[in-house]
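Counting begins at 1 with the first residue of the sequence.
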Amino acid sequence: MKDDVATPEDRSASLKGMGTSRKRVEDVRFTQGKGNYVDDIRMDGMLFGDFVRSPYAHARVTRIDAEAAKAVPGVIAVLTAADLEPLGLHWMPTLAGDKQMVLADGKVLYQGQEVAFVVAEDRYIAADAVELVEVEYEELPVVVDPFKALEPDAPVLREDLEGQTEGAHGPRRHHNHIFTWEQGDKDATEAVLSEADVVAEEMVYYHRTHPCPLETCGCVASMDKVTGKLTVWGTFQAPHAVRTVVSLISGIAEHNIRIISPDIGGGFGNKVGVYPGYVCSVVASVVTGKPVKWVEDRMDNLMTTAFARDYWMQGKIAATKEGRITGLWCHTTADHGGFDACADPTKFPAGFMNICTGSYDIPVAYLAVDGVYTNKAPGGVAYRCSFRVTEAAYFIERMVEVLAIKLGMDAAELRRINFIRADQFPYQSALGWEYDSGDYHTAWEKALKAVNYDGLRAEQAQRLEDFKAGKTRKLIGIGLTHFTEIVGAGPVKNCDILGLGMFDSCEIRIHPTGSAIARLGTISQGQGHATTFAQIIASEIGIPADDITLEEGDTDTAPYGLGTYGSRSTPVAGAATAMAARKIRAKAQMIAAYLLEVHDDDVEFDVDRFAVKGAPERFKSMKEIAFAAYNQAIPGLEPGLEAVSYYDPPNMTYPFGAYICVMEFDVDTGEHEVRQFYALDDCGTRINPMIIEGQVHGGATEGYAIAMGQEIAYDEMGNVMTGTLMDFFLPTSWETPHYTTDHTVTPSPHHPIGAKGVGESPNVGSVPCFSNAMHDAFRPFGLTQSHMPHDHWRIWRIANELGLHG
């Protein structure tokens, strides 16, 4: 259909812009095996690195003998802390303001800690040589319980900090204490608790787990001694931040460092931080003048790269007899492992845990978090969440359930009467956040109606009667969750990492023929950026999404940005994309006015063109405008059509959701079946419904894994008991439930396109939903709280302790 006769609706559809279920353009190469991952990189003369790792969780390193390893043909070098110390590289800064050993400096603090780095001509030679490095250890007392770590006679773990009473986040009150972080009004909250009609108390534990991405962490470092240029390809979720950190650590000028993130097989927070393998590879390349590749194996990834969660949350929630919540108190003991390497914004040592008031209008609240060193691997990350939001959501949703039991009230009704009302937005929470927008009641009622909640409760009651009569051995649990997430880190005024403000960026260039390229400071690990960001541009400037190419992950070409994690891509980089596109559209309007020989104000944008107001037959398409920008001298305008935007959001965004699941539990075997899972998400403006649905399916499956079996477990000696995929639960297609997705739309008032982000939400919402279903099934028999994960053995044990096996 010709441009002059096509309807606006037809022209809009041809753009495949926002709101369109456009297929992911990335999938063609992935499904054909044409992805380009770090381990696919091959370079002439490339060397390979591998680590000698500690078998002990806490020990002194008394001797390292690498002579036998060095004698192996093909081994180039064996690096230890003694080799790195003259370079000042035996320790490195962490994202949390702590410092961390690159290689064991005198002692080890967790099993699997890096002790020596073997560099060889072949990956298999390096692995063989690792076995020949002799390390003598003197075992030391091990502490894996954060509460025991704070006892007066607990072993001193961080001897480098001994005697220091101040840390990166304030006073330290014990040699294994890292920080205390407080938010809210403690006195007012305790006063409410003391006078409340009802107070429910519970210890809520969110166990240690791991993102376990499809691709493990790795890098290839290549130092060109002629040009002085260091190039590092790696599994980086924040390439520009890594470039800055590498410069600070190595002393190499930042303009001589190029960081490239190629295709990444999943990140989920695991690939935000800097690991010893990156540093050792860079050092080895600088010393040898050859490219050096390091790629960890699966056991290394599970045992030593950044964990998630491990929060002990002691809660108290106060309410009236009618169920109106009047106050919330939470004290969290956060197990950070051997080093504080958590990937949190600098001013928030416990991340966004102060979103723990959730979706509820709670007048007063108090939160305190104590960070603690233990003999576990360091580096708590936002495993598909925005900086500890999953812990916060799990805490409040479990506390509401416990309160409902104490009140003898239906948990769905208790939530409804305590939701923040739509007319209260923007809403100031008791712990300091300003929620941008929401309509929780509408979403909740839609969810309850969709699953026939009253019918489910009636069925559950009948099943309980049948169980007591001996007619069945299976109980039904109904899991309820309404969560509010905080994403889009974030405003530079309160969010930075190592002093780097958490803005983001986009550069758009329109070519003379009307196609375009956009470069962003983010990096996709499966979120579909090349698809969705092109749709934003298509809607904003009227160029078909199929004619727009997106590039990320190369610090030599992309504008500076803080990367992809915490569901910040759409809220921050997506906004930068829209703003850059609008700069281009503003210039295009002036060009169109010149070509149409009218004033700028006399033309208006119409889907894919600028037309004269009142005379829509007189127009210039964006393709015509793009060509004119490069071949006509337009008074007062520079040639070309491009723009850059660095976007610093005025506030976070607050997506929310209502999740309900129905599960059956066999009390004799502990086995469960997810019979129904309904997920309603409100992420503001929806850019690509198909990708949103995929994100919900993936995130909910990760949440299912966490709630029902996924765990990094330790024994008393600090040995990792779940360090292989034989022991660490990853759902297959057999275990993965069926999901029903739904939505409401409450745009963010301050975001350029009203989008809030959705990638993390299904993990945040699904974990308490599954857990609440398990608790709900056994509630009639006296169960109020059981710690995750709820695997078959734990469920069987609960049934046994409740006397249900008789």
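- In summary, the aromatic rings of Tyr560 and Tyr646 are positioned with their centroids too far apart to meet the 6.0 Å limit.
- Taking the ring axis of Tyr565 as reference, the NZ or CZ atom of Arg568 stays within 45° of it and closer than 6.0 Å to the ring centre.
- Side-chain contact between Cys356 and Leu431 is present, with heavy atoms from C-beta onward closer than 4.5 Å.
- Of the possible polar contacts, one joining the His240 side chain to the Ala558 backbone as a donor-acceptor pair under 3.5 Å is found.
- By the 4.0 Å N-to-carboxylate-O rule, Asp648 lies too far from Lys493 to be salt-bridged with it.
- With no hydrogens or angles considered, a side-chain donor-acceptor pair links Tyr659 and Asp681 at under 3.5 Å.
- Counting heavy atoms of neighbouring residues, nucleotides and ligands inside a 6.0 Å radius, atom NZ of Lys446 exceeds 12 of them.
- Using a distance-only test at 3.5 Å, with no hydrogens or angles considered, no donor-acceptor pair links the side chain of Asp776 to the main chain of Asn772.
- Met353 places a side-chain heavy atom less than 4.5 Å from the side chain of Glu391.
- Inspection of the His750 and Thr653 side chains reveals no N or O donor paired with an N or O acceptor under 3.5 Å.
- Looking only at distances, no side-chain donor or acceptor of His738 sits under 3.5 Å from a matching main-chain atom of Arg675.
- Listed by chain and residue number, nothing satisfies the side chain to side chain donor-acceptor pair (under 3.5 Å) test with Ser786 (two or more places apart in sequence, or in another chain).
- A donor-acceptor contact under 3.5 angstrom links the side chains of Thr746 and Asp682, judged on distance only.
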Would Arg415 and Glu397 count as a salt bridge (charged side-chain N to carboxylate O under 4.0 Å, His left out) here? Give the steps. CA-CA 9 Å; Arg415 286 175 168 85; Glu397 290 303 298; 2.8 Å; yes
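- Considering only heavy atoms from C-beta on, Tyr427 comes within 4.5 Å of Asp361 through its side chain.
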Does the side-chain hydrogen bond (donor to acceptor under 3.5 Å, both in side chains) test come out yes or no for Tyr366 and Asp185, once each step is laid out? CA-CA 5 Å; Tyr366 171 71; Asp185 191 327; over 6 Å; no
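- With hydrogens and angles ignored, the 3.5 Å screen pairs a side-chain donor or acceptor of Asn418 with a backbone N or O of Ile325.
- Listed for the Ser567 side chain is no donor-acceptor partner under 3.5 Å among the backbone atoms of Val487.
- With hydrogens and angles disregarded, a donor-acceptor distance shorter than 3.5 Å links the side chain of Glu552 to the backbone of Ser524.
- In terms of modelled atom types and a separation under 3.5 Å, the side chain of Ser261 and the main chain of Phe236 share a donor-acceptor contact.
- At least one donor-acceptor pair under 3.5 Å links the side chain of Thr94 to the backbone N or O of Asp340.
- Aromatic ring orientation, Tyr435 versus Tyr654: parallel (interplanar angle below 30°, classes split at 30° and 60°).
- The aromatic rings of His787 and Tyr205 sit perpendicular, their planes meeting at an angle over 60°, well past the 30° parallel limit.
- No hydrogens or angles considered: nothing links the side chains of His336 and Asp98 as a donor-acceptor pair under 3.5 Å.
- Looking only at distances, no side-chain donor or acceptor of Arg388 sits under 3.5 Å from a matching main-chain atom of Asp344.
- At a threshold of 4.0 Å, the pair Asp439-Arg421 does not count as salt-bridged, since none of the basic side-chain nitrogens sits closer than that to a carboxylate oxygen.
- Side-chain contact check for Leu328 versus Lys316: every heavy-atom pair is 4.5 Å or farther apart.
- Between Tyr440 and Phe483, the ring center distance fails the sub-6.0 Å criterion.
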Walk me through whether Asp370 and Thr333 qualify under side-chain hydrogen bond (donor to acceptor under 3.5 Å, both in side chains). CA-CA 5 Å; Asp370 279 315; Thr333 301; 5.5 Å; no
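- Between the side chains of Ser771 and His790, at least one donor N or O sits under 3.5 Å from an acceptor N or O.
- Lys756 and Thr685 share no side-chain donor-acceptor pair at under 3.5 Å.
- In this structure, the side chains of Phe307 and Val381 stay at 4.5 Å or more apart for every pair of heavy atoms.
- Closest of all the heavy-atom pairs between Ala350 and Trp181 is CB-CE3, 3.5 Å.
- Side-chain polar atoms of Glu485 and Ser761 form a donor-acceptor pair below 3.5 angstrom.
- Under the 3.5 Å distance criterion, with hydrogens and angles disregarded, no donor-acceptor pair is assigned to the side chains of Arg22 and Gln535.
- For Thr531 and Glu26, the side-chain atoms include at least one donor-acceptor pair closer than 3.5 Å.
- For the pair Ser569 and Phe533, the tightest heavy-atom approach, listed with the atom from each and the gap, is O-CZ, 3.7 Å.
- A donor-acceptor contact closer than 3.5 angstrom links the side chains of Thr346 and Asp496.
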Step by step, would you call Tyr206 with Tyr311 a ring-ring contact (aromatic ring centres under 6.0 Å, His included)? CA-CA 5 Å; Tyr206 200 135; Tyr311 263 31; 8.6 Å; no
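- Counting heavy atoms from C-beta on, the side chains of Met788 and Pro768 never come closer than 4.5 Å.
- Between the side chain of Asn688 and the backbone N or O of Thr532 there is no donor-acceptor pair closer than 3.5 Å.
- Ring-plane geometry between Phe348 and Trp433 is classed as parallel, the angle between the planes falling under 30 degrees on a 0 to 90 degree scale with a further cut at 60.
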Using the rule given for salt bridge (charged side-chain N to carboxylate O under 4.0 Å, His left out), can you reason through Glu215 versus Lys271, listing the C-alpha separation, both sets of side-chain angles and the distance that settles it, and then say yes or no? CA-CA 10 Å; Glu215 177 192 27; Lys271 296 167 182 174; 3.6 Å; yes
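- In this structure the side chain of Asn301 reaches within 4.5 angstrom of the side chain of Pro213, judged on heavy atoms.
- Screening residues 699-711 for side chain to side chain donor-acceptor pair (under 3.5 Å), with sequence neighbours left out, gives Thr209-Gln710, Tyr383-Gln710, Arg384-Glu702, His672-Tyr704, Thr701-Tyr739, Glu711-Arg794.
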